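Worksheet: the structure to be examined is printed underneath.
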Number of protein chains: 2
Amino acid sequence: MTADPAPPTRPVTLEDVAQVAGVSRATVSRVINGAQTVDAALRTAVEQAVAATGYVPNRAARSLVTRRADSIALVVSEREQRTVSEPFVGRMFTDPHFGRIVGGLLDVLRPAGIQLLLMLADDDASRSQLVSFLRQGHVDGVVLLSSHADDPLPELLTRTGLPTVLAGRPTRSAAPIAYVDVDQQAGARLAAEHLVGLGRRRIATLSGPLDMPAGQDRLNGFRTAMAALGDPDVVSVEGDFTQAGGAEAMKRLLAEHPGIDGVFIASDLMALGALPVLYREGRRVPEDVAVVGFDDSSAALACDPQLTTVRQPVEEMAAEMAGLLLRQLGEAGRSTPSAVFRPTLVLRHSA
Amino acid sequence: MTADPAPPTRPVTLEDVAQVAGVSRATVSRVINGAQTVDAALRTAVEQAVAATGYVPNRAARSLVTRRADSIALVVSEREQRTVSEPFVGRMFTDPHFGRIVGGLLDVLRPAGIQLLLMLADDDASRSQLVSFLRQGHVDGVVLLSSHADDPLPELLTRTGLPTVLAGRPTRSAAPIAYVDVDQQAGARLAAEHLVGLGRRRIATLSGPLDMPAGQDRLNGFRTAMAALGDPDVVSVEGDFTQAGGAEAMKRLLAEHPGIDGVFIASDLMALGALPVLYREGRRVPEDVAVVGFDDSSAALACDPQLTTVRQPVEEMAAEMAGLLLRQLGEAGRSTPSAVFRPTLVLRHSA
DNA sequence: TTGAAAGCGCTAACAA
DNA sequence: TTGTTAGCGCTTTCAA
């Protein structure tokens, strides 16, 4: 009984709608695009015709004349291509953080009718392919997620003249480029003050990778804050923001400094890996070792005990990236405003 | 000294290239599209002109005439919109699994010059918006990631006539629709045989959500296999494929059946949550309780001890989805071939 | 306020 | 093998 509702017929065009409504193509176009200069009667006639025909605008045709793509690219830039044996270990796509960013972007983009293109750049070839794709205006703007400090992409993108927003502050601030970040140093300070406030005296940190701004900033911020609090020589072990990396870093830390009673772990995911190591080594959390994480991701809740952590409003920040981009599209002038969010400390049970 | 290489000039068109090369637009078009019927000399002339002018084809114009978008949509379908307070808890985007799928798709799509549009459907409004977007041919095909069994989207998508591939078998096999899956039941059988082979006799399982095919299949497969092995009454506790859900399910299991000596956990992520619960309750893994997971995701390596698990080749499966789609685009005939991958058991230290 | 008409950049008949 | 030409569906002057 399910009659085929759409035999392979020619799609409905503006012309068809115009005919049904008894007006010109131009008028239909005006109605579709919400122009104010249309008579109310004609407008409703057109709207009915649109409904009756099931018309949906052809984006390609529209793009061709407006020179807008109504889409933006989310570019994920990684240092190098993965190996066959370790397909996605430690890759950005598999980090839950990535998903939160996508969600935040979509929050703003969907209501605006803007599509999100997902693009990956992980070697010179793919980078230049990417840039030439972007140059021809197939997207209106770019959100760049870069995993490493020496990434040439921020520079390349600014040269295309496309509105671009970075997730996290750029390393080389040479070119003026908009970005959205959390105040990493302030976040680290929150952690330092909390640990010291708890009375901990042998405090260490598991840092993120030091070739990433976020890794550097959290470590520097923590060091600076601890120095201000009277401890200028905080021990740090470098991790890589992954769970496995967190476990590994904690093993090293404990081997070299078994006496610690507090640790700031620069990402919740690393903390998730590090906690079991602490238990294996006979430490109770928070009794023997107080732990403060960073991110307030789902990993913080998955920790046992649940993690006291520095909250970074990832979804809001991603939404702000989209907003920044949309505003840049609106205005012709090339402004590059950035946004830095304030972190907060979320108290749970690990410290 | 960095002279602005691209002042806001008019983009290079086919016409420009033709002029530079001293040929017609059509010839340039042929070269660009790799037609064989072009004289070698002219071809090189055109190629040089392309290089000299920095020409990149305008996709909108091409789409308009070819009626191909050279892009496909990755549609993520969730049951309902998230709340403000729990932005992305348990959402598909934040599952590392999602990232692996994206990676596998891109592996095939990138070399083919096909773009990936990321689209989210999480309520009736967004679903119908999505369908009308897709209907007008803005993408050539769809990969659907659906999180729930009663999702109307598979049905809606087949009705659009767009080539579609599902990740995982569809629930209602009413409409013939292509899908890629792992043989879930065979995977569960692998786990059952391994646990029994280890000499475990009080075996239980933490299942996935039973409103998802993957959840159902793994549980059914495990029950069937255990029955064949002489244990028709396996205890099961329903989880939700998340880490927190795994911890919670394990707590319930232990409370009701403290005597278990083996457990099949239907996803590595749940195992990651469940292991610490076992330790807290004084069980050693694998000595007291042998644990087998499912997925062979990074979570399996993050477990301590590393997880013995049923491997599901996610990246390959995603690549196959893209391949299936590409092949459907090539041929006019509406065929809906599917692919079911064989799982393997990866032996590590938890069982 | 509305309509007629001119393209946007490209591909694909069709002719040569 | 190459060039000419006619659109693809839409927006946007320009006139009316």
Side-chain angles (χ1 to χ4, degrees), chain A residues 8-47 49-50 53-71 113 132-133 135-140, chain B residues 8-47 49-50 53-71 113 132-133 135-140:
Chain A
T9 175
R10 184 178 57 78
V12 179
T13 72
L14 255 199
E15 187 70 55
D16 301 326
V17 178
Q19 216 146 66
V20 170
V23 298
S24 75
R25 245 178 18 231
T27 299
V28 179
S29 176
R30 290 186 186 109
V31 173
I32 300 293
N33 293 295
Q36 295 306 313
T37 62
V38 180
D39 184 81
L42 284 193
R43 154 164 283 126
T44 49
V46 168
E47 281 163 353
V50 166
T53 54
Y55 169 76
V56 183
N58 180 313
R59 243 169 146 107
R62 176 181 283 173
S63 263
L64 188 54
V65 40
T66 61
R67 294 165 169 289
R68 290 201 26 164
D70 287 327
S71 64
S132 73
F133 175 86
R135 285 193 85 108
Q136 208 65 354
H138 302 308
V139 299
D140 304 319
Chain B
T9 175
R10 184 180 57 79
V12 180
T13 72
L14 256 199
E15 188 70 56
D16 301 326
V17 178
Q19 214 148 66
V20 171
V23 298
S24 75
R25 236 166 41 221
T27 300
V28 179
S29 175
R30 290 185 185 108
V31 172
I32 300 293
N33 294 294
Q36 295 306 312
T37 63
V38 179
D39 185 80
L42 283 193
R43 154 162 283 125
T44 48
V46 169
E47 281 163 353
V50 167
T53 54
Y55 170 77
V56 184
N58 180 314
R59 241 164 148 114
R62 176 182 283 172
S63 265
L64 188 55
V65 40
T66 60
R67 297 165 166 290
R68 289 199 28 162
D70 287 327
S71 64
S132 73
F133 175 84
R135 284 192 88 106
Q136 208 64 353
H138 302 309
V139 299
D140 304 318

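Order of the sequence lines fixes the chain letters, A, B, ..., with proteins taken first and strands second; residue numbering starts at 1 for each chain. For clarity, every value in this text was computed on a predicted model and none was experimentally measured.
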How many Å lie between NE2 on His138(B) and C1' on dC10(D), as a whole number?
12 Å

dC8(D), OP1 or OP2 - any side-chain N/O from Asn58(A) closer than 4.0 Å?
no

CD of Glu15(A) versus C1' of dA4(C): gap in Å, rounded?
12 Å

Please state how far atom CZ in Arg68(A) lies from atom C1' in dC8(C), giving the value in whole angstrom units.
16 Å

Tyr55(B) has a side chain; which of dT2(D), dC10(D), dC10(C) sits nearest to it?
dC10(C)

Can you measure Asp16(A) atom CG to dG9(D) atom C1' for me and round it to whole angstrom units?
10 Å

Which one, dG9(D), dA6(C), dG3(D), comes nearest to the side chain of Arg30(B)?
dG3(D)

Can you find a side chain N or O atom of Ser29(A) that sits less than 4.0 Å from OP1 or OP2 on dC10(D)?
no

Using OP1 and OP2 only, check whether a side-chain N or O of Arg67(B) sits under 4.0 Å from dG9(D).
yes

Send over the distance from Asp70(A) CG to dC10(D) P, rounded to a whole Å.
14 Å

Do the non-hydrogen side-chain atoms of Asn58(B) and Pro11(B) ever get within less than 4.5 Å of each other?
no

note: Asn33(B), atom CG; dT2(D), atom P; distance rounded to Å ~ 15 Å

About how many Å separate CD1 of Ile32(B) and CZ of Arg62(B), when rounded to the nearest 0.5 Å?
7.5 Å

What do the steps show when you test Leu42(A) against Val31(A) for side-chain contact (heavy atoms from CB on, under 4.5 Å), and what is the final call?
CA-CA 9 Å; Leu42(A) 284 193; Val31(A) 173; over 6 Å; no

Counting heavy atoms from C-beta on, name the nucleotide in dA12(C), dG9(D), dT11(D) closest to the side chain of Leu64(B).
dG9(D)

Residue Arg25(B), side-chain atoms from C-beta onward, closest of dT12(D), dT1(C), dT11(C):
dT11(C)

dT12(D), dT11(C), dT2(C): which one has an atom nearest the side-chain heavy atoms of Ala26(A)?
dT12(D)

Walking DNA chain D from its 5' end, the first of Thr27(B) and Ala61(A) to be reached, judged by nearest nucleotide, is Thr27(B)

Looking only at dC10(C), dG9(D), dT4(D), the nucleotide nearest the Pro57(B) side chain is dC10(C)

Could you tell me whether the phosphate oxygens of dG3(D), OP1 or OP2, come under 4.0 Å of any side-chain nitrogen or oxygen in Ser24(B)?
yes

Nearest heavy-atom pair of Leu64(A) and Ala61(B): which atoms, and what distance?
CD1-CB, 3.5 Å

For the pair made of CZ in Arg59(B) and P in dT11(C), what is the distance, rounded to whole Å?
12 Å

Quick one: Asp39(B) CG to dG3(D) C1', roughly how many Å, whole number?
14 Å

In the structure I gave you, are the side-chain heavy atoms of Val56(A) and Arg135(B) within less than 4.5 Å of one another anywhere?
no

Base, sugar-phosphate alone, or nothing: which one does Ile32(A) contact when heavy atoms must sit under 4.0 Å apart?
nothing

